[in-house]
Amino acid sequence: MIKKWWHTSVIYQIYPKSFKAGRPDTSIGDLKGVIQKLDYIKRLGADVIWLCPVYQSPQIDNGYDISDYYSISPEYGTMEDFEQLIEACKNRGIRLIMDLVVNHTSDQHHWFQQALQAKDNPFRDYYIWRDPIKGGVPNELQSNFGGAAWKWHAETDQYYLHFYSDAQPDLNWSNQKLRHDIYDMMNFWIDKGVSGFRMDVIDLIGKDPDHQIKENGPMLHPYLQEMYEHTFGSHDLLTVGETWGATPENAPLYSDPERQELSMVFQFEHLQLDKIPGKQRWDVQPLVLTELKRVLNTWQTALHSNGWNSLFWNNHDLPRIVSRWGNDQEFRVESAKMLATLLHGMQGTPYIYQGEEIGMTNAAYASLADYKDIETQNIYRERIKKGFSHEQTMAAIRLKARDNARTPMQWNRDRHAGFSDATPWMKLNENHEDINVEQALHDPDSIFYHYQALIALRKKHDVLVYGSFRLILEQHEQVFAYERHFQGKTLVVVCNFYEQPVSIVFPGAEKRIILSSNYKDSSVELEDVYLRPYEAIMYLEKRGESGNED
Ligand code: TEU
């Protein structure tokens, strides 16, 4: 495998609106705030920042609705602030990757404003328009935010396509001129010094709306190869595609280096295991641990030699992992560290979403009015229309709403948790007095220092970066354990995924060195390993010549 800088990197994701208000008397996070907190990220040990969209936007979907790809949204600052941020990152050895949202634009983008003018406007074909069929929508395509994916435009007697809100019209990637406008824009940011892109819903760009194909359309990979050729291919950048439709079979198509497409993709198979198959994510079922093991094992094995995994539990669209599959009450610290150990022991590039490193929890607001997200507001209406009760709907929202991850970052126990001077744009999580960065930095046993140590281990041990993966205790319903093998070294990760203690037998205990654990006195000196609630241990095992070396 050709070594790449991003093989050893750990990425910190920033959702700028909720990260840190750097200007006095503002209520939302901004670029100055990011600059102020770079030393914090450096201290954690992450060496790349993925910055969620800061482009000009009416903020219907918090910046995933872009009205000008070439300017910074005034609520986040100015282009000078952005340039300063790049510079400040460079000074600290941190790289920055931008969010690239090119499946759709805002309806306020001048391309769309032009397209609305007339059917023969040159920009009309930058979007996807269809005539009505039998006086109604062209077909049954649904928006991911609820309702039909087609919106009627009376002035020109046609529907346009939108896979997200109707303020986010889908771009027509079959238009060559549009594609090249996008490539020019990407080169503008590359020239500014960004180190790569996180590509929003990139598996949708090859869509075939007439055959109701959304993900993995026939032209997807040709477009990505063309993009590679015209933009990042001649630079040493990191590109990660957000691909809800990725499978272990098609993921190598994106990330096999020989195909010249992307560095890696985000796959979501493991994060959909607690929804009822075939239903929406609001239809929740309990996670079965053996299923999680099966899915992660498949991905680890499938991409070991012809692709690359991204490793993540969290992002700005997902509930907080400690509330989801850990225990955000009595064992918050232990379970957050266990989940971190489990993930950071695997092969791939780990992503940490802001606040994860201090164990921030779901917001679980009582009232619908506290949820700002357009998806939540739309889905609430849709679920009520479908016959779900208010309480059922709110229960699902408390578990799964994207706003769970979007509450303002908890910096300290001061007013507004040190996030801003003015009242934050979104309600703080009530627990900010106990859970905050200041507390975490003072406590040597905090979740923060556990993450810091895991990141440092990745930089030190090649087996963590390049080792092959082997699941052990495959059928065990409570313990997630695996080995990594590289050049005669064996690394073992053993995690009790639940609160009940459990004993397991691991033969050959003579030569074990613990690298990380979430209890002070963890022991693997005996073949019988006893694991307390959420106990997680990572150790090196010297097996000498007999070691599996691949
Ligand atoms: O998300 C893609 C996406 O499909 C999710 O929004 C998904 O629908 C939901 O979160 C979980 O089922 C990306 C961005 O990450 C998201 O923030 C944007 O809203 C969306 O694209 C549109 O740009």
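Each residue takes its place number in the sequence, starting with 1. For ligands, and for the atoms within them, numbers begin at 1 and follow the listed sequence.
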Chemist: Which atoms of ligand 1 are found less than 4.0 Å from any heavy atom of F145?
Modeler: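 Here the atoms of ligand 1 in question are 19 (O).
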Chemist: Can you name the one residue among N436, T407, T361 that meets side chain to side chain donor-acceptor pair (under 3.5 Å) with N431?
Modeler: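 With N431 as partner, N436, T407, T361 yield a single side chain to side chain donor-acceptor pair (under 3.5 Å), made by T361.
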Chemist: Can you sort out which atoms of ligand 1 are near V201, meaning under 4.0 Å from one of its heavy atoms?
Modeler: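 Answer for ligand 1: 2 (C), 21 (O).
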Chemist: Is there a side-chain contact between D47 and W5, using heavy atoms and a 4.5 Å cut-off?
Modeler: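 No, too far: nothing below the 4.5 Å cut-off.
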Chemist: Give me the nearest non-hydrogen protein atom to atom 7 (C) of ligand 1 as residue plus atom name, then the distance to 0.1 Å.
Modeler: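 For atom 7 (C) of ligand 1, the nearest protein heavy atom is W244 CZ2, 4.0 Å.
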Chemist: Looking at W50 and R198, what are the two nearest heavy atoms and their distance?
Modeler: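 Looking at all heavy atoms of both residues, the shortest contact is CZ2-NE, 3.1 Å.
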Chemist: Tell me the closest heavy-atom pair linking Y160 and D166, and the distance in Å.
Modeler: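 Smallest heavy-atom distance, with atoms named: OH-O, 2.6 Å.
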Chemist: E215 near ligand 1, heavy-atom distance under 4.0 Å?
Modeler: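 No.
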Chemist: Who's the nearest protein heavy-atom neighbour of atom 5 (C) of ligand 1, and how far?
Modeler: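 For atom 5 (C) of ligand 1, the nearest protein heavy atom is D317 OD2, 3.9 Å.
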Chemist: Grab the two heavy atoms, one from H104 and one from Y69, that are nearest each other, plus how far apart they are.
Modeler: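 It is O-OH, 3.4 Å.
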Chemist: Return the residue, atom name and 0.1 Å-rounded distance of the protein heavy atom closest to atom 21 (O) of ligand 1.
Modeler: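 Looking only at protein heavy atoms, the one closest to atom 21 (O) of ligand 1 is D200 OD1, 3.0 Å.
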Chemist: For E430, is the CD atom crowded, meaning more than 12 foreign heavy atoms sit under 6.0 Å from it?
Modeler: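 Open.
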Chemist: By the definition side chain to side chain donor-acceptor pair (under 3.5 Å), identify the one residue from H162, E375, K214 that meets it with N144.
Modeler: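 Result for side chain to side chain donor-acceptor pair (under 3.5 Å) with N144: K214.
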Chemist: Please find the pair of heavy atoms, one from Y254 and one from E261, that lie closest to each other, and give the distance.
Modeler: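 Taking Y254 first and E261 second, the nearest heavy atoms are O-CB, 3.3 Å.
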Chemist: Short list, please: which atoms of ligand 1 are under 4.0 Å from a heavy atom of E242?
Modeler: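 Taking each heavy atom of E242 in turn, ligand 1 has 1 (O), 2 (C), 13 (C), 15 (O) under 4.0 Å.
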Chemist: Should one rank K400, R281, H316 by closest heavy-atom distance to atom 9 (C) of ligand 1, which comes out on top?
Modeler: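 Comparing heavy atoms across K400, R281, H316, the nearest one to atom 9 (C) of ligand 1 lies in R281.
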Chemist: Determine, considering heavy atoms only, which of R406, E375, R402 sits nearest to atom 6 (O) of ligand 1.
Modeler: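 Residue with the shortest heavy-atom distance to the ligand atom: R402.
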Chemist: Have a look at ligand 1 and work out which part of K214, if any, has a heavy atom under 4.0 Å from it: side chain, backbone, both or neither.
Modeler: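 The answer is neither.
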Chemist: Quick one: which of F266, F163, Y164 has a heavy atom closest to atom 3 (C) of ligand 1?
Modeler: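 Minimum heavy-atom distance to atom 3 (C) of ligand 1 goes to Y164.
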Chemist: Students should be able to answer this: which protein heavy-atom is nearest to atom 19 (O) of ligand 1, and at what distance?
Modeler: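 Ranked first by proximity to atom 19 (O) of ligand 1 is D61 OD2, 2.5 Å.
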Chemist: I need the contact type for Q280 against ligand 1. Using non-hydrogen atoms and a strict under-4.0 Å cut-off, is it side chain, backbone, both or neither?
Modeler: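 Contact part for Q280 vs ligand 1: neither.
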Chemist: Decide yes or no for Y12 and I352: does some side-chain heavy atom of the first lie under 4.5 Å from some side-chain heavy atom of the second?
Modeler: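 Sidechains of I352 and Y12: in contact.
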Chemist: Using a 4.0 Å cutoff against the non-hydrogen atoms of H104, which atoms of ligand 1 qualify?
Modeler: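 That gives atoms 22 (C), 23 (O) of ligand 1.
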